[in-house]
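Comments concern the structure below.
Only this structure's heavy atoms are used, side chains among them; waters, hydrogens and symmetry mates stay out.
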Amino acid sequence: MRRFKIKTGYLKKLIYPISSILYVCLFFSSVFAKPLNGLSLYGPEYLKYKKGQPYEYSNPKAPKGGHLVLADFGAFTKLNPSSLKGVPAPSIANLIFQTPMDSSADDFEPFSQYGSLVEKVDLADDRMSMVYHINKHAKFSDGHPVTVDDFIFSFNLLKDPEYHPISKQYFKDIKSVTKINTHKVKYTFSIYNQELPLITGQMTIFPKHIYGVNNKSFGSDFDEIAVGSGPYKIKSFEFGKHITFEKNKKWWAKNLGINKGRYNFDEITWKIYMDPVAMREGFKGGDFDAHMVNSSRDWALDFKGDFVKKKYYIRGTFPHTRVAGMQGFAMNQRNGIFLSRKVRAAVSMVFDFQWSNKNLFYGQYTRNECYFDNNPEMKAKGIPNDKVRSILEKLREKYGSSFVPKTTLTKPVGTPGQGQSLDNNIKIANALLDSAGWQMGVDGIRSKNGKQMIIKLILSSPLFQRIVEPYKNNLKKIGVELDIKVVQIAKYEEILRNFNFDMIVANYPQSRSPGNEQRSMWSSEAESTPGSRNYMGIKNPAIDELINIIVEAKSRKELINSIQAMDRILTHQFYIVPNWYIPYDRIVYWNKFSRPKINPSQSIIINNIVEWWWFDESKATALKKARASGSPLQ
């Protein structure tokens, strides 16, 4: 930085210029590159789209209009997408609110963002600070302009005790947010994290003049109000029954390149069902337009009648390359039963996936083997390579075998008992429980120190009961009693928030760019944070250290090696009974819509319908005539 020498005689004349220079030095002490219309994890050369350019997976000429009706299972209890308690309304975070940047769902962009509320961004060369240039045309739905004060207010909301802890964890490494002028704001980061500038772009921006009113509680006073800068406004709602969004005809961002061909429906309604059978039959009766099928039984046996043959509604499969993540029966170590790795292995071994896939799932699924499945770059294969092995060995030496099991070095990822017969796995599981000190009782239930081995599994949907019953029978053969309880969504969310369960069905989706979100899933800090996603109660210093390495990784190679090391520890600690995944989305929809040629598979298909599909007047007319006459569609 250039130095200035000041002579006494000129002091008064130079007071204002010096103040200006100091101001500039204060906020721009870092070296910034040329302002960009977006950010990529691996540098600006990896940005695919220029300013004003629509996404390839859009149809900029898509017609506007129509009413999309969808369905969701389980009641919503609030309109606030970021408060701790309650269940938010479906789609509210994306339809009512906006974030500074818009994340690309392009299959060829691992992690890229383009300006949404932000027109352009200055990122320091050291990635330790960033300046947003807020779009001067941005307005909230009530006409109030979006300014730097709303950005700072939204950041400060993270300190509110009623703000959801997952978001607190996610944005924790943002050190400060400082006003430069009305439409320019500087973010300073506390650590180096390659993806932190992009993480910042995912923060929901709330209007300060609404949510910052004095003597109002963020956690309770905004359950029935939602004002944002997004493409829709709320037309009507009734908790537990329905919500309808109507297009904001004066939406400020409708002509941005990223929004061309997007949000094409005039209205979007979500109907709420409390019974999955009623929901399924509701679709067949035409009560709503599209239904994402998550049941292998329904996909195999249902939605195959006369209406499908006549093409009144379509059965669609949409392949995806998303990281499968992990789904499974998560064992809560806060319950002392699951503190033993031997116990966790035994409980996991007797889940017979091969039988379930053949007899219950109609052969549609693949077994989860690890926490980053279905991605050839990220999935750990075979015995660890030299670099991953070195990481594991150092962690094992530092923290001990109880945190980094020997099998992380000697065996591939997979499930306990994989490839063995159920009878053999039951025999081994019984031996493991014996060696762990759990003695078989006369009633067939094991006990230790006066405590019986009774596990309460909490479900949010009765659909899982038919899947769990065979597993329950297998657990009986090793002296474990499984008590299954189905509760409604609102109650289920409360149970999860307070970790008040022994076992649940947990789903841990992953992206191609893992980072801060890993803290909420596996860190020791999250173990004691209500509302976090560390459902298994993991407190493992080796995993904590790996999360920090992942967050601060300076290269893709370092990231992948660290991810694979962490995956091997998670897998070989048997924290979860792995379930299954499917590499495509299954959906049925009435034949009155059209869609772009490209489906962005990094986003689930139901979201793509909301954002990118459109109502096709000619198809709707043809469908109506065909149904009236009973004739098939061509």
Side-chain angles (χ1 to χ4, degrees), residues 327-353 355-356 360 402-403 405 415-417 420-488 491-506 527-528 530 534-540 570 572-579:
Q327 176 181 294
F329 302 118
M331 294 173 271
N332 188 356
Q333 294 178 86
R334 299 170 186 88
N335 174 340
I337 289 176
F338 293 128
L339 284 173
S340 166
R341 181 170 174 260
K342 290 181 178 180
V343 169
R344 298 195 299 269
V347 169
S348 185
M349 290 182 77
V350 297
F351 175 65
D352 192 348
F353 169 76
W355 184 93
S356 295
L360 300 178
S402 62
F403 294 111
T415 60
Q420 302 296 314
S421 68
L422 176 62
D423 287 343
N424 187 62
N425 284 341
I426 288 173
K427 181 179 179 180
I428 295 173
N430 272 311
L432 285 171
L433 293 177
D434 286 341
S435 66
W438 288 88
Q439 301 301 314
M440 188 72 76
V442 293
D443 56 358
I445 302 174
R446 290 180 179 270
S447 63
K448 181 179 180 180
N449 298 329
K451 183 175 182 178
Q452 287 191 306
M453 191 169 271
I454 300 174
I455 300 169
K456 182 179 289 186
L457 170 64
I458 307 294
L459 300 175
S460 62
S461 169
L463 289 175
F464 245 89
Q465 283 185 282
R466 75 182 186 96
I467 297 168
V468 174
E469 286 294 339
Y471 181 42
K472 177 179 180 176
N473 293 334
N474 289 344
L475 286 170
K476 284 182 180 179
K477 298 174 183 177
I478 62 171
V480 178
E481 181 173 314
L482 188 67
D483 180 16
I484 304 169
K485 185 177 182 180
V486 181
V487 299
Q488 292 189 351
K491 180 65 175 177
Y492 187 73
E493 291 290 332
E494 180 185 345
I495 288 171
L496 293 194
R497 187 165 57 247
N498 297 308
F499 309 119
N500 190 21
F501 58 86
D502 298 332
M503 181 181 279
I504 58 167
V505 179
E527 188 274 341
S528 57
N534 188 343
Y535 301 129
M536 288 96 89
I538 298 171
K539 294 178 70 174
N540 188 323
L570 288 168
H572 286 280
Q573 284 286 7
F574 315 130
Y575 294 128
I576 200 168
V577 182
N579 283 178

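With contacts defined as side-chain heavy-atom distances shorter than 4.5 Å, the pair Tyr535/Ile504 qualifies. Side-chain contact between Val468 and Val505 is absent, with no heavy atoms from C-beta onward closer than 4.5 Å. Taking 4.5 Å as the limit, some side-chain heavy atom of Ile337 sits within range of a side-chain heavy atom of Lys451. Annotation: side chain of Ile428 is not in contact with side chain of Pro416 (no heavy-atom distance under 4.5 Å). The side-chain heavy atoms of Arg344 and Gln333, taken from C-beta on, include a pair separated by under 4.5 Å. You'll find the side chain of Met453 reaches within 4.5 Å of the side chain of Val343, heavy atoms only.
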Review item, side-chain donor-acceptor pairs of residues 442-450, under 3.5 Å, at least two apart:
from   : atom 1 : to     : atom 2 : distance (Å)
Asp443 : OD1    : Ile445 : N      : 3.1
Asp443 : OD2    : Gln452 : NE2    : 2.9
Arg446 : NE     : Ile478 : O      : 2.8
Arg446 : NH1    : Asp434 : OD1    : 2.7
Arg446 : NH1    : Trp438 : O      : 2.5
Arg446 : NH2    : Asn430 : O      : 3.4
Arg446 : NH2    : Asn430 : OD1    : 2.8
Arg446 : NH2    : Asp434 : OD1    : 3.3
Lys448 : NZ     : Ala436 : O      : 2.9

Output a table of donor-acceptor pairs, distance under 3.5 Å, between side-chain atoms of residues 492-502 and any protein atom two or more places apart or on a different chain; print 'none' if there are none.
from   : atom 1 : to     : atom 2 : distance (Å)
Asn498 : ND2    : Glu494 : O      : 3.2
Asp502 : OD1    : Asn335 : ND2    : 2.8
Asp502 : OD2    : Lys456 : N      : 2.8

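When all heavy atoms of Val486 and Pro462 are compared, the pair lying nearest together is CG1-N, 3.9 Å. When all heavy atoms of Pro470 and Leu360 are compared, the pair lying nearest together is CG-CD1, 4.1 Å. Phe403 and Lys539 get closest at one heavy-atom pair: CE2-O, 3.6 Å. Among all heavy-atom pairs drawn from Val350 and Leu475, the shortest one is CG2-CD2, 3.5 Å. Minimum heavy-atom separation, Ile576 to Ser348: O-OG, 4.0 Å.
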Full working for side-chain contact (heavy atoms from CB on, under 4.5 Å) between Trp355 and Leu422: CA-CA 9 Å; Trp355 184 93; Leu422 176 62; over 6 Å; no
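Remark: side-chain polar atoms of Asn425 are paired, donor with acceptor, to backbone N or O of Gly417 under 3.5 angstrom. Proximity of a side-chain donor or acceptor of Asn474 to a complementary backbone N or O of Phe351 within less than 3.5 Å is not detected.
Taken to the nearest 0.5 Å, the CD atom of Gln420 stands 10.5 Å off from the OG1 atom of Thr415. Atoms CG and CE, on Asn332 and Met503 in that order, are 10.0 Å from each other to the nearest 0.5 Å. The structure places CG of Leu459 at 4.5 Å from CG of Leu457, a figure rounded to the nearest 0.5 Å. Rounded to the nearest 0.5 angstrom, Gln465 CD and Ile484 CD1 are separated by 6.5 Å. Distance check: Lys472 NZ to Leu482 CG gives 6.5 Å after rounding to the nearest 0.5 Å. Expressed to the nearest 0.5 Å, how far CG of Asn534 lies from CG of Asn540 amounts to 10.5 Å.
Counting only residues at least two apart or on different chains, the salt bridge (Lys or Arg N to Asp or Glu O under 4.0 Å) pairs with a member in residues 327-342 are Arg334-Glu527.
Note: Phe329 and Tyr471 have parallel aromatic rings, judged against thresholds of 30 and 60 degrees for the angle between ring planes.
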